[in-house]
Visitor: 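Below: one structure in structure tokens.
Both backbone and side-chain heavy atoms feed into the values below; hydrogens, waters and symmetry mates do not. Positions are given from 1, in the same order as the sequence printed here.
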Amino acid sequence: MNKAYGRGSAARLLMAGAVVSAVLISSGCSPDGGDASASSKPSGSPSSTATRTPDEPSGGSVEVAPKLPDGTTIAEVANAKGNREVPLEGGVRKGPLGIMVACKGDGAVKVSFEPSGLAFPLKCMAGEVSTTFNQIDLKYDRSSAHIQVEAPASVSWAMSVGQS
């Protein structure tokens with residue numbers, strides 16, 4: 001997928017990706033869904049990519065939930081504003097969990113996977129749709145889980161969550 005970057009966007013994206021990767025790599029999960037102790041290994045091999053696209057029909061949208069690169073979608077939200085808790089009905093199973101978020105407007109969103117607390121930010125800009133995809137490799141099934149999104153009213157966002 002070809003994406004056009006604005007001036008300085010590539011540097012911001014690389015920085016955002018490094019921060020997200022550092023946060024995810026330094027976090028761990030325990031079987032009960034709580035935070036792992038400092039001596040525990042991380043919950044998997046998280047990876048992330050971020051793109052910024054012009055606000056054009058082919059450049060992405062927050063009007064519909066973003067399309068995941070693979071897997072089965074287990075939760076979707078489109079054209080949302082403000083904070084929201086998105087339940088992952090039936091919980092999640094061991095293995096890859098993909099989260100794709102798109103936003104538009106002046107501000108930032110913070111996306112957290114609960115119960116582990118793994119989180120990542122996404123900087124949003126007026127007139128542009130910003131998109132990020134993060135994958136968390138879960139070591140354990142979780143019977144109860146949700147995604148918490150924190151966003152100001154000035155930001156519109158959409159999200160898809162899925163598992164392979």
Side-chain angles (χ1 to χ4, degrees), residues 1-29 33-35 42-69 71 73-88 92 96-138 145-163:
M1 188 165 26
N2 291 332
K3 301 289 181 185
Y5 292 90
R7 286 192 182 130
S9 293
R12 285 192 303 271
L13 293 175
L14 290 174
M15 179 66 81
V19 169
V20 170
S21 295
V23 168
L24 294 177
I25 289 170
S26 66
S27 300
C29 303
D35 291 336
S43 64
S45 304
S47 61
S48 67
T49 58
T51 60
R52 191 170 310 283
T53 61
D55 190 16
E56 298 172 1
S58 63
S61 172
V62 295
E63 303 295 318
V64 296
K67 185 174 179 353
L68 293 168
T73 301
I74 59 175
E76 294 182 307
V77 178
N79 207 24
K81 286 186 179 248
N83 300 340
R84 185 173 301 185
E85 182 177 296
V86 180
L88 302 178
V92 292
L97 177 73
I99 305 169
M100 183 173 276
V101 181
C103 66
K104 181 172 95 173
D106 189 26
V109 296
K110 177 183 174 190
V111 181
S112 304
F113 170 69
E114 301 296 342
S116 73
L118 292 173
F120 59 90
L122 177 59
K123 174 80 172 124
C124 312
M125 297 179 69
E128 294 184 17
V129 176
S130 302
T131 304
T132 189
F133 175 77
N134 288 276
Q135 180 171 304
I136 305 166
D137 291 324
L138 302 174
H146 68 272
I147 303 293
Q148 180 68 46
V149 178
E150 297 174 27
S154 61
V155 172
S156 298
W157 58 272
M159 176 179 70
S160 294
V161 181
Q163 285 201 286

Visitor: After noting the C-alpha distance and the side-chain angles of V62 and V155, does the key distance pass the side-chain contact (heavy atoms from CB on, under 4.5 Å) rule?
Guide: CA-CA 10 Å; V62 295; V155 172; over 6 Å; no
Visitor: Under the 3.5 angstrom rule, does the side chain of S160 hit a backbone N or O of P66 as a donor-acceptor pair?
Guide: yes
Visitor: Where do N79 and A158 come nearest, in terms of heavy atoms and distance?
Guide: N-CB, 4.3 Å
Visitor: Rounded to the nearest 0.5 Å, what separates atom CE in M159 from atom SG in C103?
Guide: 12.5 Å
Visitor: Does W157 reach the main-chain N or O of A108 with its side chain, forming a donor-acceptor pair under 3.5 Å?
Guide: no
Visitor: Measure the spacing between CZ of R84 and NE2 of H146 and express it to the nearest 0.5 Å.
Guide: 13.5 Å
Visitor: List the atom of A102, the atom of S61, and the distance in Å for their closest heavy-atom pair.
Guide: CB-O, 3.9 Å
Visitor: Look up atom NZ in K104 and atom SG in C124, then write down how far apart they are to the nearest 0.5 Å.
Guide: 11.5 Å
Visitor: What are the two closest heavy atoms between S156 and K81, and how far apart are they?
Guide: OG-CE, 3.3 Å
Visitor: Where is the tightest heavy-atom contact between Q135 and P96, given as atom of each residue plus distance?
Guide: NE2-CB, 3.5 Å
Visitor: For M125, does its backbone N or O pair with a side-chain atom of D106 as donor and acceptor, under 3.5 Å?
Guide: no
Visitor: Decide yes or no on side-chain contact (heavy atoms from CB on, under 4.5 Å) for V161 and F113, but give the supporting numbers first.
Guide: CA-CA 10 Å; V161 181; F113 170 69; over 6 Å; no
Visitor: At their closest point, which heavy atom of A65 faces which heavy atom of A78, and how far apart are they?
Guide: N-CB, 3.6 Å
Visitor: Atom CG of L118 and atom CG of L138: how far apart are they, to the nearest 0.5 Å?
Guide: 8.0 Å
Visitor: Working to the nearest 0.5 Å, report the span between CD1 of I74 and CD1 of I147.
Guide: 7.5 Å
Visitor: Ignoring hydrogens, what is the shortest heavy-atom contact between V101 and L122? Give both atom names and the distance.
Guide: O-CD2, 3.7 Å
Visitor: Measure the CD-CG distance between E76 and L68 for me, rounded to the nearest 0.5 Å.
Guide: 8.0 Å
